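Report on the structure given below.
Computation of the quantities below employed the complete heavy-atom set of this structure, encompassing side-chain atoms and omitting hydrogens, waters and symmetry-equivalent molecules. Keep in mind that this is a model prediction, so the values were computed, not measured.
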There are 2 protein chains.
Amino acid sequence: MAKQAERRAATSEAILTAAQRLFGTHGFAATTMDDIAESASVAKGAVYHHFKTKEAVFAAVFDQVSRDLVAEIDRTARAEKDVLAALIAGTQHYFAATAKGPIGQIILRDGPAVLGWERWREIDAQHFGGKIPRALSAAMEAGLIARQPVEPLARLLLGAVTEAAVACAGRADIARAGAEYARAFKSLVEALRLPT
Amino acid sequence: MAKQAERRAATSEAILTAAQRLFGTHGFAATTMDDIAESASVAKGAVYHHFKTKEAVFAAVFDQVSRDLVAEIDRTARAEKDVLAALIAGTQHYFAATAKGPIGQIILRDGPAVLGWERWREIDAQHFGGKIPRALSAAMEAGLIARQPVEPLARLLLGAVTEAAVACAGRADIARAGAEYARAFKSLVEALRLPT
DNA sequence: AGTAAAACCGACTGATGGTCGGTAATTACC
DNA sequence: GGTAATTACCGACCATCAGTCGGTTTTACT
């Protein structure tokens with residue numbers, strides 16, 4: 001019954017899998033549509049039948065990778081108790097994950113380059129950044145930090161985290177760097193904490 | 001005497017000027033080398049005689065724009081007295097300038113896309129970010145904030161500022177948004193200030 | 001003037017994103 | 001079950017554009 005749908009799904013997934021591997025290892029610019037088609041054992045026309053442009057393929061890959069990563073982070077953060085502590089733990093996980101080659105390549109390097117900063121920021125914020133405003137609101141509600149407009153502050157912190165992730169990704173001693181930035185981030189967030 | 005040098009400089013500048021205008025208005029991808037050559041009233045070969053690649057042209061433009069902007073910011077910041085206050089004022093100027101179309105296009109959109117995040121971050125940090133570590137060191141020296149590793153904290157703040165600038169650039173009511181983010185940034189920095 | 005070197009020219013090439021007319025598989029309808 | 005319509009897929013072809021290269025003009029030096 002759903003034969004056609006299955007067929008479509010299978011091809012689509014083959015393309016996406018191939019694309020993710022290629023984008024992750026060689027980067028967006030160095031990956032051609034012919035490469036993707038060949039790697040997915042499909043003709044170029046098929047790729048264009050499923051995705052309008054090369055950017056569209058990338059966007060789909062980006063979305064998938066982000067989705068996977070955010071799920072991972074959620075699992076980590078859920079283990080913490082304090083809202084601020086969860087924020088910090090999640091951040092550290094984000095560092096560690098994006099520091100690993102392929103994911104960092106897709107999310108931090110090519111992401112903004114291909115999608116455009118605005119769109120990238122928007123999507124990234126939608127996936128990861130949504131957690132920060134929520135955490136801040138909760139923290140204010142709980143009286144942990146001073147009441148103030150949430151959005152601007154959240155944006156600043158997201159920028160800080162992202163920048164740190166990139167800096168991390170570019171360093172040899174990732175573990176150490178991650179710890180360093182996590183500590184700095186913690187001190188920044190803790191500075192906001194009101195004296196009880 | 002320096003006729004040859006003058007000739008070279010004039011052509012080079014014509015190319016750079018044309019490129020800056022085109023990159024600023026249409027963006028990097030939508031600007032072709034032929035466009036640049038034509039706009040500079042020069043043959044394509046001449047452009048390649050002066051710059052090895054299209055990226056090289058962009059890098060030169062980027063450098064120039066950054067240099068100009070940083071000089072402007074310096075002038076603004078110098079007017080302030082407190083180190084932290086100067087940091088905040090400079091930040092606000094950065095917001096305002098990058099929010100204006102062409103400069104934002106070059107520095108915030110295409111910059112990372114073309115040069116690659118790592119290189120962009122490095123250059124951007126070199127131009128703008130260098131000020132933050134210096135300001136933080138000074139602030140620690142003066143006992144305004146707690147002593148701690150400077151580099152990680154500076155990186156976080158730079159990321160926060162950049163993110164805010166981008167967010168600003170994407171909004172219609174730039175003045176209002178700039179003020180909002182500046183206030184949030186101020187509260188973040190002020191949170192670090194030690195009680196006297 | 002004569003020669004060397006540097007600046008400049010613009011037709012050409014190679015690579016690649018995207019198109020399009022056609023074929024094969026699947027589904028809908030009688 | 002046959003046939004028409006729809007959907008998936010194919011791969012040769014096209015347009016664009018970064019970058020090349022042999023040739024020409026302008027400048028510098030003797």
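Applying the salt bridge (charged side-chain N to carboxylate O under 4.0 Å, His left out) criterion to B:E55, with sequence neighbours excluded, gives no partner residue.
In this structure the side chain of A:Q148 reaches within 4.5 angstrom of the side chain of B:S187, judged on heavy atoms. Residues A:T76 and A:E72 fail the side-chain proximity criterion, which asks for heavy atoms closer than 4.5 Å.
Contacts between residues 8-21 of chain A and DNA chain D, counted as heavy-atom distances below 4.0 Å, involve A:R8, A:T11. In the region residues 33-46 of chain B, proximity to DNA chain D at under 4.0 angstrom, judged on heavy atoms, holds for B:M33, B:K44.
A salt bridge links B:E190 with B:R193; the closest basic N to acidic carboxylate O contact falls under 4.0 Å.
End-to-end axis angle of the helix from C:dA1-D:dT30 to C:dC30-D:dG1, from C1' rotation axes over five pairs per end: 10° (rounded to 10 degrees).
As rounded to whole Å, 16 Å separates atom P of C:dA11 from atom OH of B:Y48. The interatomic distance linking A:E6 (CD) with C:dT27 (C1') rounds to 14 Å, in whole Å. Rounded to whole Å, the distance from NZ on A:K52 to P on C:dC20 is 11 Å.
Here C:dG18 is the nucleotide among D:dC9, C:dC8, C:dG18 with the atom lying nearest to any side-chain atom of A:K54. Across D:dG19, C:dG17, D:dC9, the shortest atom-to-atom separation from the side chain of A:H49 is found for D:dC9.
A:D74 places no side-chain N or O within 3.5 Å of a backbone atom of A:A71 that could act as its donor or acceptor partner.
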Exercise answer: donor-acceptor pairs, residues 9-24 of chain A side-chain atoms, under 3.5 Å, sequence neighbours excluded:
unit_1	atom_1	unit_2	atom_2	d
A:T11	OG1	A:R7	O	3.2
A:T17	OG1	A:E13	O	2.8
A:R21	NH2	A:S39	OG	3.0

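Under a cut-off of 6.0 angstrom, the local environment of CD in B:E38 is sparse, with at most 12 non-hydrogen atoms contributed by other residues, nucleotides or ligands.
Every pair passing salt bridge (charged side-chain N to carboxylate O under 4.0 Å, His left out) that includes a residue from residues 57-70 of chain A is listed here, sequence neighbours excluded: A:D63-A:R67.
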